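Here's the structure, in structure tokens; my notes come after.
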There are 2 protein chains.
Amino acid sequence: MSELAEAVVVTESDAALAHPFVKQMVVQLRAMDSYGTYDTWSDARVLDPLVLTKERRRQIPVVGDPDETTVSRVKAYYNAIAQMVERETGLLAVPVINLTHEGFGRALILVGKLVALDKSLRDVHRFGFDSLGKMVEEAEKVLSKAVGLVKQHRDVAEL
Amino acid sequence: MSELAEAVVVTESDAALAHPFVKQMVVQLRAMDSYGTYDTWSDARVLDPLVLTKERRRQIPVVGDPDETTVSRVKAYYNAIAQMVERETGLLAVPVINLTHEGFGRALILVGKLVALDKSLRDVHRFGFDSLGKMVEEAEKVLSKAVGLVKQHRDVAEL
């Protein structure tokens, strides 16, 4: 890996760090860090690998198996969305991630008997966003769709 | 394994062999048999390992990781139920099996945005039924519950 790829992209001054979704992402990522690697890391550093600049993307092979850390980031992302769904609907939201070793599969968020989110996953070894801001944008889009579904079919979501 | 455990339990004269669910199970089990092991086997022999008599159960350790063949039987079972849900509702039913290496997890059948079936799985290495008849009984219970849900919430199942 080149020097460039190792350079930090997310800085402490990133405005997105204050966003509730990003804060929830940090909570989820730290919750999965069973070895305590992140204990001495700033939030910005914990989030940094989620941002894939063009330069970083170029360094990841097109085909590849996701490692455990990358898979845990995908899980953290959908856990965070599930948490936000819970907050906005007051109902339990359960994330279900189904992945093959090759990084293909689907992410579900279930609320009662309602599939509030159903997303195909592919190329999980390249999971990331252009910037933290872009991540927030994406997450909010997905979140509002999920919350909308719950509101529309509250009876099924309460089963 | 003792002689007793190897003795075949499901015989060609088992009335349950004619049941549509059992036939669907055979289809699903054969579909997963990528090495062609079952090619020369009768339906009864293909189904036989799904029947766990008391004697057979006694020979399986209480704690253990399920092997690939056992996991494929669990998948065949929920695939078969999903197929029956499709037949009875006319809607696409997608089975999702999420299992840890230790054989814990859940089985879902999704119809549109509806979770038609949601079942916790545990001790998957001991997956089996007292008899083929019992398997049919169980499957029909689960099936009628799933189909009932789809009928009740057809709008969500059609999403």
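Each chain gets a letter, A, B and so on, in the order the sequences are listed, and its residues count up from 1. Being a predicted model, the structure only gives us computed values, none of them experimental.
Classification of the A:Y77-A:F127 ring pair by plane angle, with boundaries at 30° and 60°, yields perpendicular.
In this structure the side chain of A:L114 never reaches within 4.5 angstrom of the side chain of A:R154, judged on heavy atoms.
Looking only at distances, no side-chain donor or acceptor of B:H153 sits under 3.5 Å from a matching main-chain atom of B:G148.
Taking the charged nitrogens against the carboxylate oxygens, A:R56 and A:D48 do have a contact shorter than 4.0 Å, which makes a salt bridge.
For the set B:D155, B:N98, B:I97, B:L108, the entry with the most heavy-atom pairs within less than 4.5 Å of chain A is B:N98.
Residue contact with chain B, scored on non-hydrogen atoms closer than 4.5 Å, is absent for A:V111. With a 4.5 Å cut-off on non-hydrogen atoms, B:L149 touches chain A through its side chain but not through its backbone.
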